[in-house]
Amino acid sequence: MGLVLEWIKNNGGTEAMERLNKQKSSMIYDIISNSNGFYSCPVEPDCRSRMNVTFRVGSSAGDEALEKKFLEGAAKLGMLSLKGHRSVGGMRASLYNAVTVEDSQALASYMAQFLKDHQQ
């Protein structure tokens with residue numbers, strides 16, 4: 001824990017972490033919000049996490065075939081562990097402090113391209 005706290009301090013402190021976490025999660029939530037329902041987040045906007053962004057692909061209930069394609073494409077790009085909890089399904093992007101802005105941008109870019117390629 002001491003190493004983590006030292007890392008946070010050396011990287012701008014809690015204010016910097018908050019700013020970065022807002023920036024990272026906003027990239028993903030913006031794609032979801034502007035997808036015309038292709039991506040759907042089951043959590044109300046005022047209750048959404050900056051650390052774990054959950055969403056479905058294809059519709060609010062999710063489309064299993066599209067979600068499988070999404071995960072396969074993400075894995076090819078080195079984006080792993082996006083599959084949501086087995087009882088809830090969907091996707092879960094964990095954006096903890098060690099995840100960079102560039103990592104989040106890569107996911108947002110992939111989501112935008114996947115939307116373009118698969119939206120009906």
Side-chain angles (χ1 to χ4, degrees):
M1 181 171 200
L3 292 174
V4 171
L5 292 173
E6 183 178 338
W7 181 86
I8 289 172
K9 181 180 175 184
N10 291 338
N11 285 280
T14 57
E15 294 83 12
M17 293 298 112
E18 180 179 19
R19 188 172 51 255
L20 285 173
N21 289 329
K22 283 181 181 178
Q23 182 182 0
K24 293 184 301 187
S25 62
S26 291
M27 288 181 209
I28 308 305
Y29 285 126
D30 287 349
I31 295 287
I32 294 167
S33 296
N34 295 312
S35 72
N36 293 320
F38 182 80
Y39 296 116
S40 175
C41 179
V43 181
E44 292 296 321
D46 59 340
C47 297
R48 291 180 178 171
S49 171
R50 291 186 195 128
M51 294 291 133
N52 288 295
V53 178
T54 59
F55 59 97
R56 299 304 302 251
V57 179
S59 71
S60 60
D63 177 311
E64 287 187 35
L66 275 178
E67 290 182 341
K68 183 178 179 185
K69 283 183 185 180
F70 182 90
L71 290 170
E72 289 169 354
K76 288 178 184 175
L77 297 171
M79 297 179 213
L80 307 174
S81 301
L82 287 168
K83 188 173 182 177
H85 190 274
R86 68 178 181 262
S87 69
V88 179
M91 307 296 133
R92 182 190 72 174
S94 294
L95 305 176
Y96 293 100
N97 292 333
V99 173
T100 66
V101 171
E102 293 78 16
D103 294 334
S104 298
Q105 182 59 55
L107 175 57
S109 294
Y110 172 64
M111 290 174 70
Q113 186 62 50
F114 191 87
L115 169 65
K116 183 180 174 186
D117 294 344
H118 295 92
Q119 191 173 37
Q120 299 173 2

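As the structure is a computational prediction, the values presented were derived from the model and not from experiment.
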Which distance, rounded to the nearest 0.5 Å, do you find between the CD of Q105 and the CD1 of I28?
8.0 Å

Below 4.5 Å, heavy atoms only, C-beta onward: do H118 and F38 meet side chain to side chain?
yes

To the nearest 0.5 Å, tell me how far L107 CG sits from D103 CG.
9.5 Å

Show, in sequence, the C-alpha distance, side-chain angles and deciding distance for E18 and K22, and conclude whether the salt bridge (charged side-chain N to carboxylate O under 4.0 Å, His left out) test is met.
CA-CA 6 Å; E18 180 179 19; K22 283 181 181 178; 3.6 Å; yes

Report, one line per pair, each donor and acceptor closer than 3.5 Å where one atom sits in a side chain of residues 71-84; sequence neighbours left out.
none

Apart from L5 itself, which Ile, Leu, Val, Met, Phe, Trp or Tyr residues share its cluster (side-chain heavy atoms under 4.5 Å, direct or through members)?
M1

State yes or no: do V101 and W7 share one hydrophobic cluster built from I, L, V, M, F, W and Y residues joined by side-chain heavy-atom distances below 4.5 Å, directly or via other members?
yes

Looking at every non-hydrogen atom in both residues, tell me the closest pair between G58 and D63 and how far apart they are.
CA-CB, 4.2 Å

Would you confirm whether Y29, through its side chain, and R50, through its main-chain N or O, come within 3.5 Å as a donor-acceptor pair?
no

Say whether S109 and Q113, considering side chains only, have a donor N or O and an acceptor N or O under 3.5 Å apart.
no

Side-chain contact, heavy-atom cut-off 4.5 Å: I32 with M111?
yes

Output the distance between atom CE (M17) and atom OG1 (T14), rounded to the nearest 0.5 Å.
9.0 Å

Does one hydrophobic cluster hold both M51 and V99, with members joined at side-chain heavy-atom distances below 4.5 Å?
no

Under a 3.5 Å distance rule, please check whether S94 uses its side chain to pair with a backbone N or O of Y96 as donor and acceptor.
no

How about Q119: does its CD atom have over 12 heavy atoms from other parts shown lying under 6.0 Å from it?
yes

What's the shortest heavy-atom distance between T54 and V43, and which atoms?
OG1-CG2, 3.9 Å

Least distance between heavy atoms, I31 atom then A112 atom
CD1-CB, 3.9 Å

As an exercise, state the distance from CG of D117 to CG of L66, rounded to the nearest 0.5 Å.
11.0 Å

Looking only at non-hydrogen atoms, find the nearest pair between S33 and R48 and report the distance.
OG-NH1, 4.1 Å

Can you tell me how far apart CG (L20) and OG (S25) are? Round to the nearest 0.5 Å.
10.5 Å

Tightest non-hydrogen contact, residues K24 and L95, listed as NZ-O, 3.4 Å

Who pairs with Y39 by ring-ring contact (aromatic ring centres under 6.0 Å, His included), at least two apart in sequence or on another chain?
F55

Considering all heavy atoms of both residues, which atom of S40 and which atom of P42 are nearest to each other, and what is their separation?
O-CD, 3.8 Å

